[in-house]
2 protein chains.
Amino acid sequence: MPRLSLYLQVLDDLPAGVSRVSSEELAARAGVNSPKVRKDLSYLGSYGVRGVGYDVEHLRFQIRRELGLTREWAVVIVGVGNLGRALANYGGFREQGFNVVGIFDDDPNKVGTRVGEHRVEPLSALPDAVRAGGARIGIIATPAEGAQTVAELLAAAGVQAILNFAPTVVRVPAGVQVRRVDFSAELQVLAFHLHQGEAL
Amino acid sequence: MPRLSLYLQVLDDLPAGVSRVSSEELAARAGVNSPKVRKDLSYLGSYGVRGVGYDVEHLRFQIRRELGLTREWAVVIVGVGNLGRALANYGGFREQGFNVVGIFDDDPNKVGTRVGEHRVEPLSALPDAVRAGGARIGIIATPAEGAQTVAELLAAAGVQAILNFAPTVVRVPAGVQVRRVDFSAELQVLAFHLHQGEAL
DNA sequence: ACATGTGAAGCGCTTCACAGCG
DNA sequence: CGCTGTGAAGCGCTTCACATGT
């Protein structure tokens, strides 16, 4: 249920001091309609109060519990370009319980440099670091060329989930899940809708 | 149809010299099943050859035409952090017909610096630049705090579609479409599945 | 009175199986 | 014979309306 993340975001953005929220208001802020919000939230259990709404703090906790965010997740990042640096410094990860335990690159000029609070390690150090840090999630922020190799390396090191920012489709062993984030594809969707709108 | 972007990516990744491709192979490379590929492609028209497959070059063109990528789209980027730089230097945009016509930041220390082939301009220059460049798409790569202001600025300048990388939900006037890319949400989906997998 | 929670209807996408065509 | 193209069935998500509870 990817919308739960969105609701969580909206709840975090709520003005401080607001302790109750209705499905109507949540829906407006999230850009969806209210029956959808109620249906989604009903999956978590009956945490709303009829005639009143939802308790913000309680709801936040329940969503986090459902998403598995009550624990910490160790994450490794491969690729120290601008994107890798942006991800390594991204405060949102920490807030949501994602803990970057290592950042890697095979460029000798980058190895040893600092990125935020981390020191860049060579790719050869990845397997040990994954084991030591208990990382189950890996992020690929390399150019397209290196992505497949990195994906295999991550999988071999024991990573079970990969977020792939490289503009390629990577193949991985069964049991490893991959999610792509493709910047061009996002723009293409926007362009598609603009394109459509014109045809009318 | 967001899968068309994926097929386009797969077609681009095909080894050079391959001129024909079957729905079976496309499906395998894209990570979906073949009936879905055929159904999707049938929407474009009947461009396959029975008993043979699809002509790669022809198919690429037809998908690009459907997605509105046969024309150029002017894009502006707001926010010159690591992410903004990554986006400005991202070669994939240019390849797909997205032309970055300006990059903006309100930090005086960043204004005037070079990012790739662009010079950073102040936010005050954005409206004129949007008009001059004919930009209909804007990218928000600022921290969460500035996102809402930037969104309004973009909309006021005439931008009709916004790709928002800031971890907030921005409100925009009717007629402007917004797409969010939320790094935390992506990790949350991965974590959710890992979490689920354990419960079995 | 007010807002949640939910069964039922509606809708679109996915899957399947096979007809059609090179 | 092989692979595409597609009608029909299946499935899940969305929407709606209202009963329920405070």
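For the numbers below, each heavy atom of this structure counts, side chains included, while hydrogens, waters and symmetry mates do not. Quick caveat, the model's predicted, so the values are computed rather than measured.
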Requested in this report: Apply side chain to side chain donor-acceptor pair (under 3.5 Å) to B:Asn99 and list each qualifying residue two or more places apart in sequence or on a separate chain.
Outcome: B:Arg94
Just the rounded figure in Å: distance from [atom2] of [N] to [atom1] of [X].
X       : N      : atom1 : atom2 : result
B:His58 : D:dT4  : NE2   : C1'   : 15 Å
A:Arg20 : C:dT4  : CZ    : P     : 12 Å
A:Glu24 : C:dT4  : CD    : C1'   : 12 Å
A:Glu25 : C:dC2  : CD    : P     : 17 Å
A:Tyr47 : C:dT6  : OH    : C1'   : 17 Å
B:Leu41 : D:dT4  : CG    : P     : 9 Å
B:Asp40 : C:dT15 : CG    : C1'   : 12 Å

Query - Among A:His58, A:Arg60, A:Arg64, the one residue meeting side chain to side chain donor-acceptor pair (under 3.5 Å) with A:Gln62 - result: A:His58
Requested in this report: Kindly state whether the ring of A:Phe165 and the ring of B:Phe183 have centres lying under 6.0 angstrom apart.
Outcome: yes
Query - Nucleotide nearest B:Arg38 (side chain, heavy atoms from C-beta), chosen from C:dA17, C:dG5, C:dG22 - result: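 Output: C:dA17.
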Report task. Give the nucleotide from the list C:dC18, C:dT4, C:dG7 with an atom nearest to the side chain of A:Ser22. Result -> C:dT4
Query raised in the report: Do A:Ser5 and B:Gln188 get their side chains close enough for a donor-acceptor pair, meaning under 3.5 Å?
Result: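 Result is yes, a qualifying pair exists.
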Query raised in the report: More than 12 foreign heavy atoms under 6.0 Å from CZ of B:Arg65: is that the case here?
Result: yes
Requested in this report: Please tell me which of B:Lys36 and B:Val52 maps to the more 5' nucleotide of DNA chain C, matching each residue to the nucleotide holding its nearest heavy atom.
Outcome: B:Lys36
Taking only the side-chain nitrogens and oxygens of [X], find out if one of them lies under 4.0 Å from OP1 or OP2 of [N].
X       : N      : value
A:Tyr54 : C:dG5  : yes
B:Asn33 : C:dT14 : no
B:Ser23 : D:dC3  : no

Query raised in the report: Quick one: on DNA chain D, does B:Val21 or B:Lys39 contact a more 5' nucleotide (nearest heavy atom)?
Result: B:Val21
Query raised in the report: Is A:Tyr43 touching bases, backbone alone, or none of the nucleic acid, heavy atoms closer than 4.0 Å?
Result: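 It contacts nothing in the nucleic acid.
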Query raised in the report: Which part of the nucleic acid, if any, lies within reach of A:Arg3 when heavy atoms closer than 4.0 Å are counted: base, sugar-phosphate only, or nothing?
Result: sugar-phosphate
Query raised in the report: Is A:Arg50 side chain donor-acceptor paired with the D:dT22 base, going by distance under 3.5 Å alone?
Result: no
